[in-house]
Amino acid sequence: MDLPVGWFVVLPALSTIPVLVRAYGVSQSDLYLVTVSNSDLEFKRLDTAGAGAGAGAGVSRLSLLTNFLSSCFRSRNHGYALLFLQNIQNPDPSLWNNAVRASVESGLSLDFMGFYKSMLGDNVLPDKATFSKILPVCAALCEIKLGELVHCQIVKMGFENYLFLQTGLLDFYAKVEDLSSARKLFDKMPERDVVAHNAMISALGKNGYIVEARKLFDGMGDKNSSSWNSMITCYCKLGDVNSARMIFDCSPMKNVVSWNAMIDGYCKSDQLTIARELFDCMGSIKNTVTWNTMISAYIQYKEFGRALSTFRQMQAEHVKPVEVTMVSLLSACAHLGALDMGNWIHAYVKRQNLKIDVYLGNALIDMYCKCGSIESALDVFHGLPTKNVFCWSSIIAGLGMYGYGKEAIDVFLKMKDQGMKPDHVTFIGLLCGCSHSGLVSEGRKYFSEMLEVYGVHPGVEHYGCMVDLLGRAGFLEELLELIRTMPMAPNAAVWGSLLRACRTHKDTRVSEQVTQRLLELDPRDGGNYVFLSNIYASANRWNDVELCRNLMIERGVHKTPGCSSIEVDNVFHEFMAGDTSHPQFTQINTFLDEIAKKLKGLGHEPDKASVFHDIDEEEKESSVVR
DNA sequence: GTAGGGTTAG
């Protein structure tokens with residue numbers, strides 16, 4: 001079929017798939033309505049002169065465009081919508097307004113910026129409703145300048161007397177931590193309703209003025225549930241969970257938000273047991289947020305098993321998981337190495353058409369990296385419409401972990417090209433990547449560029465990475481010089497890296513000096529004692545080995561046994577060091593022997609130095625392999 | 001227009 005030249009619109013109501021076909025060029029602004037009948041396409045040219053009735057179909061051009069744009073947003077084709085708006089002649093201002101609102105509501109904030117800027121470039125001004133939608137986005141993106149611009153436009157257009165816009169502005173300033181502007185707005189308001197008071201209370205609370213927030217709260221005549229809840233949150237954010245509980249107990253209008261805020265408050269102040277008690281008291285009034293609060297708390301406390309069992313309970317009670325739930329669960333998978341479950345979550349996300357935003361995208365990337373599937377991680381990464389510094393950092397660290405140091409650097413440079421500013425975590429991933437791939441000169445280069453090129457102050461962690469990098473490569477002198485000239489005190493990680501370097505390069509002289517410091521800094525870490533003991537063992541200083549062990553017993557320090565786990569067909573298999581209880585222990589051992597033989601055949605020398613002394617040479621070798 | 005849940009390193 002020959003297609004006419006121009007823009008084609010297939011209305012979603014007329015077709016199963018909303019599609020825009022742009023054929024043969026961009027400059028045309030003729031519009032065609034395409035109807036689908038008997039799997040054939042019929043084209044009708046529409047009147048492009050104005051908003052009058054369109055040709056043929058009885059549809060006005062404006063309503064056609066409005067429909068089309070909203071179908072773009074429903075199917076998340078924001079780029080198309082933007083391209084379309086920029087290319088049609090004389091777009092009706094309402095189209096822009098709808099587009100800005102739709103992009104804000106879809107949660108893709110970067111698109112919003114594009115729409116908003118193009119709209120202003122088109123000399124189209126937003127209306128009152130658009131302003132009220134824009135302000136929270138400016139606050140969320142910390143777009144202070146843009147928010148202030150919005151403020152100016154509100155004044156310029158004579159909207160500054162609308163109460164809801166004043167409250168919106170107040171809230172914006174509060175969220176970008178400009179309390180004095182928020183206060184000024186509040187003081188200037190000719191009348192203040194409950195909402196304005198509530199906004200001011202949380203503004204004060206967020207900025208640490210809890211006493212004033214409480215005064216305002218106590219002085220309020222009419223309180224609604226948000227007033228009580230704001231007050232609960234103010235106290236929780238301050239860490240004063242007991243005062244929060246008093247407000248909670250006094251509140252005559254407790255709702256699910258009050259409970260959620262209270263539970264979160266307990267979680268954030270290390271009182272998981274009380275949080276869970278409250279959670280269990282709630283019964284059927286629990287909502288998605290309640291479940292998410294509890295699950296994410298378990299994640300933060302590294303109770304991954306409980307997080308998963310809580311999720312199963314959530315499913316049993318038929319509460320639908322949402323994006324936030326998935327972010328927490330993916331974090332659990334990443335820590336547990338549960339690739340099967342991670343894959344299931346990814347499939348669920350696709351099936352339910354959940355929004356893969358920067359949070360969820362990053363959680364997927366991190367899960368795939370940690371579960372051994374760098375290809376899938378890269379797929380997710382490249383498929384993300386917007387990436388933030390978390391996403392970039394995760395993929396850089398992931399590549400580095402896999403030994404793809406060069407690739408990690410490439411991605412880092414691409415990040416720079418795209419104008420994304422790396423942060424301190426990005427550099428940890430990058431430097432670790434250099435370290436694992438032996439890219440010493442590259443590591444030195446990026447370490448020295450951190451501050452002067454990227455404006456990121458090297459922290460003790462970065463020195464730790466550099467010590468690791470230089471240590472692995474055997475630059476012991478340079479390493480010691482680096483530690484000597486560090487602007488901050490070395491931490492346990494720095495000394496630990498140095499110790500590893502000493503062991504690798506068989507330098508017992510430095511090790512002893514270092515270890516004393518390490519034991520002072522981190523006397524509860526059993527690993528350090530074992531480490532020192534191993535150094536002595538490799539030097540045949542058995543008395544010192546004994547001393548080390550006795551010190552551990554004296555101080556009541558235990559070494560957590562090494563543990564690894566693998567998930568096969570949804571079953572977790574855990575292996576502790578020295579544990580022979582697995583039902584397939586013999587078979588596994590036979591297999592390990594085979595691997596060991598192959599490794600030896602390839603010239604691998606097992607590291608015997610790190611094994612305790614009370615076994616003979618042959619046994620040493622085999623206990624390293626296992 | 002105000003109140004509740006999310007991600008990155010060793």
Side-chain angles (χ1 to χ4, degrees), chain A residues 128-129 131-133 135-136 162-172 174-175 192-203 205 223-234 236-237 251 253 255-265 267-268 287-297 299-300 321-331 334 357-367 369-370 388-398 400-401 422-433 435 459-462 464-465 467-468 491-494 496-497:
Chain A
K128 292 190 288 290
F131 280 135
S132 71
K133 299 268 184 194
L135 283 167
Y162 286 91
L163 184 60
F164 74 101
L165 285 181
Q166 290 167 343
T167 315
L169 282 166
L170 193 166
D171 192 54
F172 160 76
K175 286 190 174 133
R192 305 175 190 108
D193 61 3
V194 201
V195 181
H197 275 92
N198 294 347
M200 197 60 220
I201 287 172
S202 53
K223 295 183 183 77
N224 64 12
S225 55
S226 289
S227 323
W228 291 90
N229 293 338
S230 296
M231 210 54 232
I232 293 174
T233 304
C234 284
C236 286
K237 289 273 183 297
S251 170
M253 34 188 109
N255 58 16
V256 65
V257 178
S258 330
W259 286 83
N260 293 345
M262 205 56 240
I263 289 175
D264 190 51
C267 291
K268 300 265 157 71
N287 67 5
T288 311
V289 176
T290 322
W291 289 96
N292 293 343
T293 306
M294 210 60 234
I295 292 173
S296 75
I299 301 293
Q300 273 145 32
V322 294
E323 286 85 350
V324 178
T325 326
M326 292 320 189
V327 171
S328 293
L329 291 176
L330 284 167
S331 171
D357 62 2
V358 287
Y359 288 103
L360 190 46
N362 178 58
L364 283 166
I365 294 168
D366 183 52
M367 181 277 293
C369 285
K370 300 231 173 86
N388 68 0
V389 64
F390 283 72
C391 308
W392 287 95
S393 298
S394 292
I395 199 73
I396 289 171
M401 261 189 297
D423 67 5
H424 66 289
V425 180
T426 318
F427 278 103
I428 293 170
L430 182 70
L431 294 175
C432 283
S435 180
V460 68
E461 316 90 327
H462 304 101
C465 290
V467 168
D468 187 57
N491 64 3
V494 171
S497 293

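Computation of the quantities below employed the complete heavy-atom set of this structure, encompassing side-chain atoms and omitting hydrogens, waters and symmetry-equivalent molecules. Just so we're on the same page: letters track the sequence lines, and every chain starts at 1. All values reported here derive from a predicted model rather than from experimental measurement.
Comparing dT7(B), dT8(B), dG4(B) by their nearest atom to the side chain of Asp423(A) picks out dT8(B). When the nucleotides dG6(B), dT8(B), dT7(B) are ranked by their closest atom to the side chain of Asn388(A), dT7(B) comes out on top. For Val425(A), the listed nucleotide lying nearest its side chain is dA9(B); candidates were dG6(B), dA9(B), dG4(B). The Ser225(A) side chain lies nearest to dA3(B) when the options are dT8(B), dA9(B), dA3(B). The listed nucleotides are dG6(B), dT7(B), dT2(B); the one nearest the side chain of Asp357(A) is dG6(B). Checked against dG5(B), dT8(B), dG10(B), the side chain of Ser394(A) finds its nearest nucleotide in dT8(B). Considering only side-chain atoms of Ala397(A), the nucleotide from dT2(B), dG6(B), dA9(B) that sits closest is dA9(B). The side chain of Thr233(A) lies closest to dA3(B) when the candidates are dG10(B), dA3(B), dG5(B). The nucleotide whose nearest atom lies closest to any side-chain atom of Ser132(A) is, among dG4(B), dT2(B), dG1(B), dG1(B). Of the candidate nucleotides dG10(B), dG5(B), dG4(B), dG5(B) has the atom nearest to the side chain of Thr288(A).
Side-chain N/O atoms of Lys268(A) include one lying less than 4.0 angstrom from OP1 or OP2 on dG6(B).
As rounded to whole Å, 10 Å separates atom C1' of dA9(B) from atom CG of Asp366(A). Nucleotide dA3(B) holds its C1' atom 16 Å from the CE atom of Met200(A), rounded to whole Å. Between Gln300(A) atom CD and dT8(B) atom C1' the separation is 14 Å, expressed in whole Å. To the nearest angstrom, C1' of dG10(B) lies 15 Å from CG of Leu430(A). In this structure, CG of Asn198(A) is placed 14 Å from P of dG1(B), rounded to the nearest angstrom. Per the geometry, CG belonging to Asn491(A) stands 10 Å off C1' belonging to dG10(B), to the nearest Å. One can place NZ of Lys133(A) at 10 Å from P of dT2(B), the figure rounded to the nearest angstrom. Spacing between atom CD1 of Ile295(A) and atom P of dT7(B) amounts to 12 Å, rounded to whole angstrom units.
Taking each heavy atom of Leu165(A) and Lys128(A) in turn, the nearest pair found is CD2-O, 3.9 Å.
Between the side chain of Thr293(A) and the base of dG5(B), no donor-acceptor pair of N or O atoms lies under 3.5 Å. Under 3.5 Å, the side chain of Asn362(A) and the base of dG6(B) form no donor-acceptor pair of N or O atoms. One can find a donor-acceptor pair under 3.5 Å joining the base of dG1(B) and the side-chain atoms of Asp193(A). For dG4(B), its base sits under 3.5 Å from the side chain of Asn287(A) at one donor and acceptor pair at least.
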Evaluate the side-chain hydrogen bond (donor to acceptor under 3.5 Å, both in side chains) criterion for residues Asn292(A) and Asn260(A): first the C-alpha distance (whole Å), next the side-chain angles of each, then the deciding distance (0.1 Å), finally the verdict. CA-CA 10 Å; Asn292(A) 293 343; Asn260(A) 293 345; over 6 Å; no
Worked check of side chain to side chain contact (heavy atoms under 4.5 Å, CB included) between Val324(A) and Ser296(A): CA-CA 9 Å; Val324(A) 178; Ser296(A) 75; over 6 Å; no
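Side-chain contact between Lys223(A) and Trp228(A) is present, with heavy atoms from C-beta onward closer than 4.5 Å. At a threshold of 4.5 Å between non-hydrogen side-chain atoms, the residues Thr290(A) and Met294(A) do not count as touching. Using a 4.5 Å cut-off on side-chain heavy atoms (C-beta onward), His197(A) and Val194(A) make no contact. Using a 4.5 Å heavy-atom cutoff, the side chains of Cys432(A) and Asp468(A) are not in contact.
Both thresholds, 5.5 Å between centres and 30° between ring planes, are met by Tyr359(A) relative to the base of dG6(B), so the two rings are stacked.
Among the heavy atoms of the strands lying under 4.0 Å from Leu163(A) is at least one base atom, whether or not backbone atoms are also near. Within 4.0 Å of Ser227(A), counting heavy atoms only, lies no atom of the nucleic acid at all. The residue Lys370(A) sits close only to the backbone: its heavy atoms come under 4.0 Å of sugar-phosphate atoms, none of a base. The residue Val256(A) sits close to a base: some heavy atom pair falls under 4.0 Å. As judged by a 4.0 angstrom heavy-atom cut-off over every strand, Leu360(A) is placed among the base-contacting residues.
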